[in-house]
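Comments concern the structure below.
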There are 2 protein chains.
Amino acid sequence: MLINELSKRTGVAIPTLRYYENFGLFKGVSDETVTTNNYKDYDESIVEKIEMIKGAKEGGFTLSEIKKLLDSWYDKNLSNEKKTQVVLNKISEIDCKIQELKKVKKLLTECIVTIEKGGC
Amino acid sequence: MLINELSKRTGVAIPTLRYYENFGLFKGVSDETVTTNNYKDYDESIVEKIEMIKGAKEGGFTLSEIKKLLDSWYDKNLSNEKKTQVVLNKISEIDCKIQELKKVKKLLTECIVTIEKGGC
DNA sequence: TCAAAGTATACACTATACTATATACTTGTA
DNA sequence: TACAAGTATATAGTATAGTGTATACTTTGA
């Protein structure tokens, strides 16, 4: 699909997609048989990748952190053990963030009790 | 406590604390009886507030979002019902972020299976 | 007492993640 | 075939969240 469709499918604005591509998060391919333009084609796997990027960003990961993960994922020179390790590390970072969020949630829940008591 | 101790207690750098205070996330008080300086004093509640800020930031909330929450929390003119509503909204945002992070985690877990199968 | 360390304020600078603008070329449609 | 809409690239500008530097004043300890 072309960038316009990719944007519609993911809900990410075209300039942002170009920024991401430029940042190295994914890469569209120009059809070599077409010589009149260099329009890039993005496949289904890129839609999935962007969904992952959106989720990770929502959870507070930076583009650099996301890139590092994707880079090792696609690194042919990395052993499966090392790839697994990188992914496991990211999973434990996610668990950490979830714990932090739960802590904040707990604080806010306590807040509500305080409000209802008329405190504050 | 003075800013130096606050920094040590929270692990947040002094310039960052000043930035937060300036942003309006909390406010130290100058002792009116001391005329020689305007050193600010920060109490325990501010330590807690900063822990909350750290957690919220880690989970991807912006300082503006955090400020909005704190502002309504300390708004004397807001009814308890409205305060509760603001806090409940924030809690559901947190749940949303947790769901997003779990989705990413699921994706990464699937990644590991794929790696182990020798795929990619 | 005086020098080092701490505090406050102001302003400049940086990094991240976009967003906008300009330009040039291509494609699809009336 | 003309022209609107789509695509690519480059560059500049913006917002957020700090970090660094300079200056001035205050406190504390040898």
Side-chain angles (χ1 to χ4, degrees), chain A residues 1-43 46 49-71 93 97 100, chain B residues 1-43 46 49-71 93 97 100:
Chain A
M1 75 194 79
L2 294 180
I3 197 154
N4 190 31
E5 194 183 338
L6 183 64
S7 172
K8 276 172 186 147
R9 286 281 301 278
T10 60
V12 176
I14 291 175
T16 304
L17 289 173
R18 296 207 216 271
Y19 178 79
Y20 287 173
E21 179 162 9
N22 207 266
F23 195 91
L25 294 179
F26 56 80
K27 207 164 159 34
V29 285
S30 311
D31 187 339
E32 296 296 329
T33 64
V34 178
T35 52
T36 48
N37 69 35
N38 63 335
Y39 287 11
K40 285 175 193 151
D41 183 75
Y42 304 91
D43 63 22
I46 292 180
K49 236 186 235 186
I50 292 169
E51 289 305 327
M52 193 275 255
I53 293 167
K54 282 170 64 184
K57 267 186 54 61
E58 176 72 12
F61 287 101
T62 65
L63 295 186
S64 299
E65 289 169 323
I66 297 166
K67 181 170 157 49
K68 235 181 264 176
L69 179 69
L70 290 170
D71 280 353
E93 280 178 50
K97 275 184 197 289
E100 286 297 318
Chain B
M1 75 195 79
L2 295 179
I3 197 154
N4 191 30
E5 194 183 339
L6 184 64
S7 172
K8 275 169 189 149
R9 287 280 302 278
T10 59
V12 176
I14 292 176
T16 304
L17 289 173
R18 295 208 217 270
Y19 177 79
Y20 287 174
E21 179 163 9
N22 207 267
F23 195 91
L25 294 179
F26 55 81
K27 208 162 159 38
V29 284
S30 310
D31 188 339
E32 296 296 329
T33 65
V34 178
T35 52
T36 49
N37 69 35
N38 62 337
Y39 287 9
K40 284 175 191 152
D41 182 74
Y42 304 91
D43 63 21
I46 292 180
K49 235 187 235 187
I50 291 169
E51 290 305 328
M52 193 276 256
I53 293 167
K54 282 169 64 184
K57 266 187 53 62
E58 176 72 13
F61 286 101
T62 66
L63 295 186
S64 298
E65 289 170 324
I66 297 166
K67 181 169 156 49
K68 235 180 264 175
L69 179 67
L70 291 171
D71 280 354
E93 278 178 51
K97 274 184 196 294
E100 286 296 319

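In what follows, chains are A, B, ... by sequence order, proteins preceding strands, each numbered from 1.
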Presence of Arg18(B) side-chain N/O under 4.0 Å of dT9(C) phosphate oxygens OP1/OP2: no
Spacing of Ile53(A) atom CD1 relative to dT16(C) atom P, expressed in whole Å: 17 Å
Rounded to the Å, how far apart are Leu17(B) CG and dT7(C) P? 11 Å
Under 4.0 Å between a side-chain N or O of Tyr19(B) and OP1 or OP2 of dT16(D)? no
In whole angstroms, the gap separating C1' of dT16(C) from CG of Leu63(B) amounts to 14 Å
Check this for me, if you would: do Lys54(B) and Glu51(B) make a salt bridge, where the nitrogen-to-carboxylate-oxygen distance has to be below 4.0 angstrom? yes
Any Tyr39(B) side-chain N or O less than 4.0 Å from OP1/OP2 of dC25(D): no
Over how many whole Å does the gap from Glu65(B) atom CD to dA17(D) atom C1' extend? 14 Å
Given the rule in the side chain to side chain contact (heavy atoms under 4.5 Å, CB included) test, do Tyr39(A) and Asp31(A) qualify, once you have shown the distances and angles that lead to the verdict? CA-CA 8 Å; Tyr39(A) 287 11; Asp31(A) 187 339; over 6 Å; no
Does Lys97(B) come within less than 4.0 Å of Glu100(B), counting only side-chain N to carboxylate O? no
Lys40(B) side-chain N/O to dT9(C) phosphate OP1/OP2 under 4.0 Å: yes
Looking at Lys57(A), I'd like to know whether one of its side-chain N or O atoms comes within less than 4.0 Å of OP1 or OP2 on dT16(C). no
Rounded to the nearest angstrom, tell me the gap between atom CZ in Phe23(B) and atom P in dT16(D). 7 Å
Given that Asn37(B) and Phe61(B) both sit by DNA chain D, which one's nearest nucleotide is further toward the 5' end? Phe61(B)
For the pair made of CG in Leu2(B) and P in dA5(C), what is the distance, rounded to whole Å? 18 Å
Rounding to an integer number of Å, can you tell me how far Ile14(A) CD1 sits from dA8(D) C1'? 11 Å
Would you check, one step at a time, whether the test side chain to side chain contact (heavy atoms under 4.5 Å, CB included) holds for Leu6(B) with Ile50(B)? CA-CA 9 Å; Leu6(B) 184 64; Ile50(B) 291 169; 3.9 Å; yes
Does Lys40(A) offer a backbone N or O that forms a donor-acceptor pair with the side chain of Ser30(A) under 3.5 Å? no
Do the side-chain N or O atoms of Thr16(A) get closer than 4.0 angstrom to the phosphate oxygens (OP1, OP2) of dT19(C)? yes
Measure CD/Glu21(B) against P/dT9(C) and give the value in whole Å, please. 8 Å
In terms of side-chain heavy atoms of Val34(B), which of dT7(C), dA17(C), dT27(D) is nearest? dT27(D)
Between Thr36(A) and dC25(C), is there a contact of a side-chain N or O with OP1 or OP2 at under 4.0 Å? no
Does the side chain of Asn38(B) get closer than 4.0 angstrom to OP1 or OP2 of dC25(D) through an N or O atom? no
